Asks: 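Here it is: the structure, laid out below.
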Amino acid sequence: MALTGRRLEVDRIATLAVLPRESAMVVVGDPGSGRSSVLDAVSNRVSLPVVRVGVNGSESRWPLAGVTSLFTALDDPRATAHIAHLLQAGGTAAAVTAGLAAAHDFLDAVHALTLPPTLVLIDDLDRMDAESQELIAFLAGRLAGTALRVVATVRSVPSDGPLAALPTLRIEPLAADEALVLARDMAPAEANDGVLAVLAAETGGNPGALREQLAVLTREQLTGAEPIVLPLRPTPTTEAIAALALGPAAGRDLDVLAKLALVPVAKTTAWDRDELDDLVGAGLATVRGQSVTVRHPLVRSALYWRMPARDRRAAHAELAAASAETDPRDRESTRPKSRPITSSRMPSSL
């Protein structure tokens with residue numbers, strides 16, 4: 001299947017491979033955004049040799065395991081010779097010191113020797129041990145003028161982390177039309193186009209989440225013969241995105257966001273404006289005019305289904321009462337709804 005909607009990202013990374021003054025890039029994308037697929041496309045696109053480095057998450061507790069895998073993958077005796085140097089010290093601090101010395105030695109070797117142009121692709125660098133992340137960032141930032149180029153994918157780049165100094169390329173969610181094209185490619189031929197449009201929108205342009213939803217829905221739901229439930233029930237990618245987005249949120253902000261997740265759109269007049277401003281500032285909510293929504297539909301999905309049914313009903317009643325105080329017509333909008341989906345009939349939310 002052709003990669004949908006990532007041509008610019010693939011072009012940018014492929015260009016890096018031939019630029020003399022750039023040596024590294026960090027590709028940032030949410031879980032399910034297609035980071036690995038982008039690297040696959042780059043591997044097929046470039047003409048120079050490609051070295052892929054996979055990350056075993058279970059090795060993240062072993063200092064320097066990741067950078068050892070990198071040196072081994074280069075399959076060059078001059079690189080392999082430095083592995084023993086990396087593992088000389090037993091303690092973490094000593095290991096990093098030894099690693100930095102080896103990194104300097106390796107850089108000297110790379111600059112002194114004529115190596116074939118090589119593109120190193122590291123998938124999920126942020127799952128490596130912290131010491132390897134630091135050393136690889138050190139190496140990647142100093143390879144200009146050599147034949148090596150390093151591209152690594154991560155879920156996020158902390159501003160105080162070792163990767164913050166490297167150039168980044170953000171993989172954004174697919175546009176609505178691109179997500180619909182992808183849904184059509186992945187779905188059974190008999191799937192209803194209206195259903196696919198809803199799934200594309202409710203998964204927020206995330207290819208991984210879209211694939212998972214298509215896998216769990218029944219044939220009757222995909223063809224529009226039976227209704228789908230909105231917000232969509234969480235899948236592993238949904239939970240991973242929610243965990244990443246909600247990590248900084250806590251206390252009152254999280255409580256307000258959970259209640260806001262009960263409805264697809266709410267009126268700002270029913271909410272404390274300072275609390276909404278805090279959520280907007282944290283990138284968790286969006287305000288347009290007099291309306292406010294949870295910014296990411298997958299975060300809304302996770303929050304909605306985490307709340308027990310009894311609590312949801314009580315919160316719905318509370319929202320209805322608060323909305324009715326400002327506009328009696330809003331009482332009906334907070335009640336759960338479900339309807340079959342056809343190509344001409346779009347769903348409302350639970």
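These numbers were taken from a predicted model, which means no experiment stands behind them.
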Asks: Only one of Val27, Ile171, Val26 passes side chain to side chain contact (heavy atoms under 4.5 Å, CB included) with Thr153; say which it is.
Replies: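 Looking at Val27, Ile171, Val26, the match for Thr153 under the side chain to side chain contact (heavy atoms under 4.5 Å, CB included) is Val27.
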Asks: Ignoring hydrogens and geometry, is there a side-chain-to-backbone donor-acceptor pair from Glu202 to Leu199 under 3.5 Å?
Replies: no
Asks: Rounded to the nearest 0.5 Å, how far apart are NE2 of His296 and CD1 of Ile241?
Replies: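 Taking NE2 in His296 and CD1 in Ile241, the distance rounds to 4.5 Å.
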Asks: Check whether any side-chain heavy atom of Leu169 lies under 4.5 Å from a side-chain heavy atom of Val28, and answer yes or no.
Replies: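 No; the side chains remain at least 4.5 Å from each other.
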Asks: Counting N and O atoms only, with roles assigned by atom type, does the side chain of Glu178 sit under 3.5 Å from a partner on the main chain of Ala175, one being a donor and the other an acceptor?
Replies: yes
Asks: Please name the pair of heavy atoms, one in Tyr304 and one in Ala261, separated by the smallest distance, quoted to 0.1 Å.
Replies: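 What the structure gives for the nearest pair is CD1-O, 3.6 Å.
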Asks: Does Leu257 belong to the same Ile/Leu/Val/Met/Phe/Trp/Tyr cluster as Leu244, with side-chain heavy atoms less than 4.5 Å apart forming each link?
Replies: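 No, separate clusters.
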Asks: Do Ser23 and Leu148 have side chains that get closer than 4.5 Å, going by heavy atoms?
Replies: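 A side-chain contact is absent here, since even the closest heavy-atom pair is not under 4.5 Å.
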Asks: Would Asn206 and Leu298 count as a side-chain contact (heavy atoms from CB on, under 4.5 Å) if you check the C-alpha gap in whole Å, the side-chain angles of each, and the deciding distance to 0.1 Å?
Replies: CA-CA 9 Å; Asn206 185 287; Leu298 295 179; 4.1 Å; yes
Asks: Run the numbers on Leu166 and Leu163 for side-chain contact (heavy atoms from CB on, under 4.5 Å), then give the verdict.
Replies: CA-CA 6 Å; Leu166 297 177; Leu163 302 175; 4.1 Å; yes
Asks: Would one find more than 12 heavy atoms of other residues, nucleotides or ligands at under 6.0 Å from atom CD of Gln290?
Replies: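 For Gln290, atom CD is not crowded (no more than 12 foreign heavy atoms under 6.0 Å).
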Asks: Measure from the side-chain N and O atoms of Asp124 to the backbone N and O of Arg127, and report whether any donor-acceptor pair falls under 3.5 Å.
Replies: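 Judged by distance alone, no pair lies under 3.5 Å.
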Asks: Answer yes or no: is there a donor N or O on one side and an acceptor on the other, between the side chain of Arg35 and the main chain of Asp30, under 3.5 Å?
Replies: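 Here the side-chain-to-backbone pair exists.
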Asks: Would you mind writing out the side-chain donor-acceptor pairs for residues 37-56 within the sub-3.5 Å range, not counting sequence neighbours?
Replies:
| from | atom 1 | to | atom 2 | distance (Å) |
| --- | --- | --- | --- | --- |
| Asp40 | OD1 | Arg52 | NH1 | 2.9 |
| Asp40 | OD1 | Arg52 | NH2 | 3.4 |
| Ser43 | OG | Leu39 | O | 3.0 |
| Asn44 | ND2 | Asp40 | O | 3.3 |
| Arg45 | NH1 | Asp11 | OD1 | 2.6 |
| Arg45 | NH2 | Asp11 | OD1 | 3.1 |
| Asn56 | OD1 | Ser58 | N | 3.1 |
| Asn56 | OD1 | Ser58 | OG | 2.6 |
| Asn56 | ND2 | Ser58 | OG | 3.4 |

Asks: Atom CG in Leu8, atom CD in Glu172: separation rounded to 0.5 Å?
Replies: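 It is 11.5 Å, given to the nearest 0.5 Å.
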Asks: So which pairs with a foot in residues 276-286 pass side-chain hydrogen bond (donor to acceptor under 3.5 Å, both in side chains), sequence neighbours left out?
Replies: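 Only Arg273-Asp277 qualify under side-chain hydrogen bond (donor to acceptor under 3.5 Å, both in side chains).
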Asks: Quick one: CH2 on Trp62 to OG on Ser69, what's the gap to the nearest 0.5 Å?
Replies: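 Between Trp62 CH2 and Ser69 OG, I get 10.0 Å after rounding to 0.5 Å.
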Asks: Which pair of non-hydrogen atoms, one from Leu210 and one from Ala200, has the smallest distance, and what is that distance?
Replies: CD1-N, 4.3 Å
Asks: Of Leu70, Val154, Leu135, Ile122, which meets side chain to side chain contact (heavy atoms under 4.5 Å, CB included) against Met128?
Replies: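 The passing option is Ile122.
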Asks: For Ala183 versus Leu214, what's the shortest heavy-atom pair and its separation?
Replies: O-CD1, 4.2 Å
Asks: Under 4.5 Å between side-chain heavy atoms, hopping through other hydrophobics if needed: is there a path connecting Leu143 to Leu125?
Replies: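 As far as the 4.5 Å side-chain criterion goes, Leu125 and Leu143 are connected within one cluster.
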Asks: Linking I/L/V/M/F/W/Y whenever their side-chain heavy atoms sit closer than 4.5 Å, directly or via other members, would Leu246 and Val280 fall into one cluster?
Replies: yes
Asks: Applying side-chain contact (heavy atoms from CB on, under 4.5 Å) to Thr235 and Gln213, what does each step give before you reach the verdict?
Replies: CA-CA 7 Å; Thr235 61; Gln213 291 294 338; 3.4 Å; yes
Asks: Does Gly224 offer a backbone N or O that forms a donor-acceptor pair with the side chain of Asn192 under 3.5 Å?
Replies: no
Asks: Does the Gln221 side chain pair with the main chain of Pro227, one donor and one acceptor, at a distance under 3.5 Å?
Replies: yes
Asks: So with a 6.0 Å cut-off around CZ of Arg306, is the heavy-atom count from everything else above 12?
Replies: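 It does: Arg306 CZ has more than 12 such atoms within range.
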Asks: Test of understanding: with salt bridge (charged side-chain N to carboxylate O under 4.0 Å, His left out), list the residues that count as partners of Arg233, not counting sequence neighbours.
Replies: none
Asks: Just wondering, do Arg149 and Thr118 contact through their side chains at under 4.5 Å, heavy atoms?
Replies: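 The answer is no, as the side chains (C-beta and beyond) never meet within the 4.5 Å cut-off.
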Asks: When rounded to the nearest 0.5 angstrom, what distance separates NZ in Lys259 from NE2 in His316?
Replies: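 Separation between the atoms: 12.5 Å.
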Asks: Could you tell me whether the side chain of Arg6 reaches within less than 4.5 Å of the side chain of Pro207, counting heavy atoms only?
Replies: yes
Asks: Treating Asp129 as the side-chain partner and Gly66 as the backbone partner, does any N or O pair qualify as donor plus acceptor under 3.5 Å?
Replies: yes
Asks: Starting at OG1 of Thr223, measure out to CG of Leu217 and round the result to the nearest 0.5 Å.
Replies: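 Taking OG1 in Thr223 and CG in Leu217, the distance rounds to 10.5 Å.
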Asks: Taking it one step at a time, do Val287 and Thr293 satisfy side-chain contact (heavy atoms from CB on, under 4.5 Å)?
Replies: CA-CA 7 Å; Val287 173; Thr293 61; over 6 Å; no
Asks: Looking at every heavy atom in both Ser291 and Val265, which two are closest together, and how far apart are they?
Replies: CB-CG1, 3.7 Å
Asks: Please give me the minimum heavy-atom distance between Leu260 and Ala285, naming the atom from each residue.
Replies: CD2-CB, 4.2 Å
Asks: Is the side chain of Trp305 donor-acceptor paired with the backbone N or O of Arg300 at a distance under 3.5 Å, no angle test?
Replies: no
Asks: Could you tell me the separation between the OG1 atom of Thr238 and the CG atom of Leu303, rounded to the nearest 0.5 Å?
Replies: 11.5 Å
Asks: Got Leu284 and Arg295 here, is their nearest side-chain heavy-atom distance under 4.5 Å?
Replies: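 Counting from C-beta outward, Leu284 and Arg295 never come under 4.5 Å.
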Asks: If I compare all heavy atoms of Thr237 with all of Ala209, which pair ends up nearest, and what's the gap?
Replies: CG2-N, 3.8 Å
Asks: Whether Arg12 and Glu9 form a salt bridge (side-chain N of Lys/Arg under 4.0 Å from carboxylate O of Asp/Glu) is what I want to check.
Replies: no
Asks: Side-chain contact test, heavy atoms from C-beta onward, threshold under 4.5 Å: evaluate it for Arg312 versus Leu262 and give yes or no.
Replies: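 They are in contact (side-chain heavy atoms under 4.5 Å apart), so the answer is yes.
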